[in-house]
Visitor: 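Sharing a structure, written as structure tokens. Questions coming.
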Amino acid sequence: MLVGVRQFSMISFARQDLVVGSADLTARERPPHRVSLGPFALADRCVSAGDFTAFLHDAPDDMDHLMIDCIDPGFVVHRADGFQVRPGCADFPMIQISFWGAAAYCNWLSRGEGFQPVYDLARREAGLSADGYRLPREAEWEAACRQGHPAGTAGTGNTADAPAACRALRAGEAGLGAFRRGEPGPIPTAARAPDAAGLHEMIGNVREWCHDRYAPYSAEPARDPSGPGRGSFRVVRGGSFADPGPACRPASRMAAFEDTKCEVYGFRVARSL
């Protein structure tokens, strides 16, 4: 196992059947439908800037620079001698990372821990039969979030209207990453207490890339759904520090172009068990 290069732990979830989606939110969340999921593990927090920089230093040729933005307000910058984490920023989530940049990190982590990589970066394909790390299926993400937030509400996540105790943890309050004081911004990974499932910041902080390509829901039951086979838009979940709390619920989903790199996008890893 790789030592000292990741802050997160993996939380295991048993095989389960559940209803995902909602009849009460926007059209993107309808219709509610039943899914069956095999056992999986999900990281207890997002990959941090420090986690990701360990990858950049260990395998610099694995990362196409077009997969990441190293401009303000990012926590990782690129200098003449390579990638660096800005002082004080290692514990904040890795942001300004594209879907495929996140996939590259998953492959590196898989190789380091003796698993088979899931993603073929050159062909932009994935083999979900591999046992390595990957982005979570959106149904897995929702199942885990529902377990952590059984009432289905946002709670006290780092959303645009977060409570004062949460706002005080934002990067801008410490002048980090070029975020501004008094404005919404990310907080460090696991800065807040975990939810009922042992997961940190599933609601708010950063929108999280999921494995699935985006498509409207079907009412038909599905087993381990992973989205359509073609398309350039991926599902993102959880909302962000820029989104209002009511918009950040376990069922809410958005679509994002997979090459998008901005300050509200991050990721956490998953594995099939």
Side-chain angles (χ1 to χ4, degrees), residues 10-44 46 99 102-103 106 118-119 125-155 157 194-204 207-240 243 245-256 258 267-273:
M10 300 300 289
I11 305 293
S12 295
F13 292 86
R15 185 181 306 275
Q16 57 189 295
D17 296 312
L18 74 155
V19 174
V20 297
S22 172
D24 302 324
L25 301 178
T26 69
R28 288 190 299 269
E29 289 80 46
R30 297 195 295 264
H33 57 286
R34 184 165 294 278
V35 297
S36 298
L37 298 175
F40 66 96
L42 185 66
D44 70 338
C46 284
F99 172 91
C106 290
V118 169
Y119 296 101
E125 296 178 352
L128 290 178
S129 62
D131 63 355
Y133 289 95
R134 54 177 171 77
L135 282 304
R137 294 179 171 99
E138 68 162 323
E140 293 171 337
W141 191 98
E142 183 169 335
C145 192
R146 285 185 180 277
Q147 186 169 321
H149 298 265
T153 57
D195 63 22
L199 303 169
H200 298 272
E201 291 96 40
M202 288 288 280
I203 297 293
R207 298 175 190 166
E208 299 181 12
W209 289 110
C210 289
H211 174 84
D212 309 43
R213 290 183 171 91
Y214 180 85
Y217 276 152
S218 166
E220 295 300 314
R223 180 177 296 276
D224 289 326
S226 56
R230 301 174 69 89
S232 297
F233 284 81
R234 301 280 175 168
V235 175
V236 289
R237 289 286 195 137
S240 76
D243 298 310
C248 304
R249 301 186 182 192
S252 61
R253 62 198 295 255
M254 298 179 66
E258 60 188 21
F267 71 103
R268 72 181 70 211
V269 302
R271 279 190 64 232
S272 298
L273 297 179

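Just so you know, these numbers come straight off a predicted model, no measurement behind them.
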Visitor: Verify, without hydrogens or angle tests, whether Arg237 (side chain) and Pro250 (backbone) share a donor-acceptor contact under 3.5 angstrom.
Guide: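 Checked: pair present.
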
Visitor: Which value, rounded to the nearest 0.5 Å, describes the distance between Asp17 atom CG and Leu37 atom CG?
Guide: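 CG of Leu37 is found 8.0 Å from CG of Asp17.
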
Visitor: Nearest heavy-atom pair of Ala144 and Met202: which atoms, and what distance?
Guide: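 Of all heavy-atom pairs spanning Ala144 and Met202, the closest is CB-CE, 4.3 Å.
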
Visitor: Return yes if some donor-acceptor pair links the side-chain N/O of Asp224 with the main-chain N/O of Gly38 below 3.5 Å, else return no.
Guide: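 Present.
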
Visitor: Let me confirm one number: the CG-CE distance from Leu42 to Met10, rounded to the nearest 0.5 Å.
Guide: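 Going from the CG atom of Leu42 to the CE atom of Met10 covers 6.5 Å.
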
Visitor: Name the residue from Arg234, Glu138, Arg28, Glu258 that meets the side-chain contact (heavy atoms from CB on, under 4.5 Å) definition with Tyr214.
Guide: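 When Arg234, Glu138, Arg28, Glu258 are each tested with Tyr214, the side-chain contact (heavy atoms from CB on, under 4.5 Å) holds only for Arg28.
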
Visitor: Testing the basics here: between Gly132 and Val118, what is the closest heavy-atom pair and its distance to 0.1 Å?
Guide: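 Of all heavy-atom pairs spanning Gly132 and Val118, the closest is O-CG2, 3.7 Å.
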
Visitor: Nearest 0.5 Å, what's the CZ-CG distance between Arg268 and Asp44?
Guide: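 The distance works out to 7.5 Å.
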
Visitor: Once rounded to the nearest 0.5 Å, what's the spacing between atom CZ of Arg223 and atom OG of Ser36?
Guide: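 The OG atom of Ser36 is 4.5 Å from CZ of Arg223, to the nearest 0.5 Å.
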
Visitor: Taking all atoms of both residues into account, what is the closest heavy-atom pair of Tyr217 and Gly21, and its distance?
Guide: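 Looking at all heavy atoms of both residues, the shortest contact is CE1-CA, 3.9 Å.
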
Visitor: Please name the pair of heavy atoms, one in Asp212 and one in Pro136, separated by the smallest distance, quoted to 0.1 Å.
Guide: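 For Asp212 versus Pro136, the nearest heavy atoms are OD1-O, 4.0 Å.
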
Visitor: If you look at every heavy atom in Met254 and Arg207, which pair is closest and at what distance?
Guide: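 Answer, listing the atom of Met254 first, then Arg207: CE-NH1, 3.7 Å.
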
Visitor: Just one of Glu140, His211, Glu208 clears the side-chain contact (heavy atoms from CB on, under 4.5 Å) bar with Leu135, so which one?
Guide: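 Only one of Glu140, His211, Glu208 forms a side-chain contact (heavy atoms from CB on, under 4.5 Å) with Leu135, namely His211.
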
Visitor: For Arg137 and Ser272, what are the C-alpha separation, side-chain angles and deciding distance, and is it a side-chain contact (heavy atoms from CB on, under 4.5 Å)?
Guide: CA-CA 10 Å; Arg137 294 179 171 99; Ser272 298; 4.0 Å; yes

Visitor: Quick one: does Glu29's side chain have a donor or acceptor within less than 3.5 Å of a partner on Arg253's backbone?
Guide: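 The answer is yes, because a donor-acceptor pair under 3.5 Å joins these two groups.
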
Visitor: Which heavy-atom pair separates Phe99 from Tyr119 by the least distance, and what is that distance?
Guide: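 Looking at all heavy atoms of both residues, the closest pair is CZ-CE2, 4.2 Å.
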
Visitor: Working to the nearest 0.5 Å, report the span between CD of Glu142 and OG of Ser252.
Guide: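 Separation between the atoms: 8.5 Å.
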
Visitor: Could you measure the distance from the OG atom of Ser232 to the CZ atom of Arg213? Nearest 0.5 Å is fine.
Guide: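 CZ of Arg213 is found 7.5 Å from OG of Ser232.
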
